Undergrad: 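Structure in structure tokens, see below.
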Amino acid sequence: MSKILITRRTFQEAEDKLLQAGSEVVIWGEPDSPGYEELLKEVRDIDGLYAHITNQVDGAVMDAAPNLKVITEFGVGYDNIDVDAANKRGIAVCNTPGILSESTADEAFALLMAMGRRTHDLPQLVKRGEWGDFDPLAYLASDIHHKTLGIVGMGRIGGEVAKRAAGFNMKVLYYNRNKRDEEFGATYVSSLDELLQRSDYVSLHNPLTPETTGLMGSEQFKLMKKSAMLINTTRGPVVDQEALYDALTAGEIAGAALDVTVPEPIPADHPLLTLDNCLIMPHVASATDDTRLKMAMMCVDNVLAGLAGDWPPYCVNRDQISDNARIKQ
Ligand code: 8YV
């Protein structure tokens, strides 16, 4: 019988499907994610690991689990898993792409609109009883329509954001490692600098890699328009938060909305939380009931396929492990 560890609670449907397949399922039951040392202990005799962003799955964790054949990440980003280490050991690494693109794009667009039309800060003022007499020059926001959106990283999620922006009559630029076919009328720009200089809103959709860590730092903020706003729904480390704080307080950019931070959760006394022009959400871009259920079921499908000796439907390292895959042994 295959043993599967799920490192956070999950949907009943997902657990049931694993049980019906005859697996032994261990669900980490503590209120907080297992720490690294706890994970090392918990993986000892597992065949499949259903992991989350809070788990650092490195070579040592893999070595602590000699039977481990397949790891699935609950999410499209899998920067918390050492894929090179998995390749060396023939362990399949999987994720949940596609099904969360629209929910993530919805949230990115919601953040863009909240910053632009000030639905993040004006309601607070009303609640404080500070809604003053009518003043044509007060509470001014920025338009969304006919403004320029710069998308960094034109993958599935970036494409969905471009589609939404087109519906709002925005002009869309994108910067990507390679030029894609015209994505919903978006225009390719060959440098990040150009995108930053021309955009009224900049939305980040690139994965976190060594190259994209700190991609948005003080030099980049200085290139942006003073009226521009940054939206980050990818990974916290893509933005240098100290540089962002400086840019927001110095008026180098007008605002920022972050779904992701460093660390997560961000401490309540973090300087960014003192700023009215910074909106922070608790990493929830994919967090709708429908999407999270689909993600859980995709994780289950990945693990069950791997443990049955088949290639999981969303395996990210199939080409790298085709000669030494443990699922094929
Ligand atoms: C996940 C995400 O909810 O897909 C991703 O990359 O960031 C989110 O959808 C998060 O990774 C939790 O595991």
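What's counted below: heavy atoms across the whole structure, side chains too, no hydrogens, waters or symmetry copies. These numbers were taken from a predicted model, which means no experiment stands behind them. Just follow the structure's listing: the first ligand is 1, and inside any ligand the first atom is 1.
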Undergrad: Considering residues at least two apart in sequence or located in another chain, which fulfil the salt bridge (Lys or Arg N to Asp or Glu O under 4.0 Å) criterion with D121?
TA: R118
Undergrad: Between D63 and R89, does any NZ, NE, NH1 or NH2 come within less than 4.0 Å of an OD or OE carboxylate oxygen?
TA: yes
Undergrad: Counting heavy atoms not belonging to Q197, are there more than 12 under 6.0 Å from its CD?
TA: yes
Undergrad: Non-hydrogen atoms closer than 4.0 Å to ligand 1: which protein residues do they belong to? List them by chain and number, please.
TA: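 If the criterion is a heavy atom under 4.0 Å, then ligand 1 touches I53, F74, G75, V76, G77, L100, R235, H283, S286, R292, M295.
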Undergrad: Can you list the residues that meet the side-chain hydrogen bond (donor to acceptor under 3.5 Å, both in side chains) rule with E160, with sequence neighbours excluded?
TA: K163, R164
Undergrad: Atom CG of residue position N178 - does it have more than 12 heavy atoms of other residues, nucleotides or ligands inside 6.0 Å?
TA: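 Atom CG in N178 is packed in, count exceeds 12.
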Undergrad: Can you sort out the partners of Y245 under ring pair (Phe, Tyr, Trp, His ring centres under 6.0 Å), two or more places apart, ordered by chain and number?
TA: none
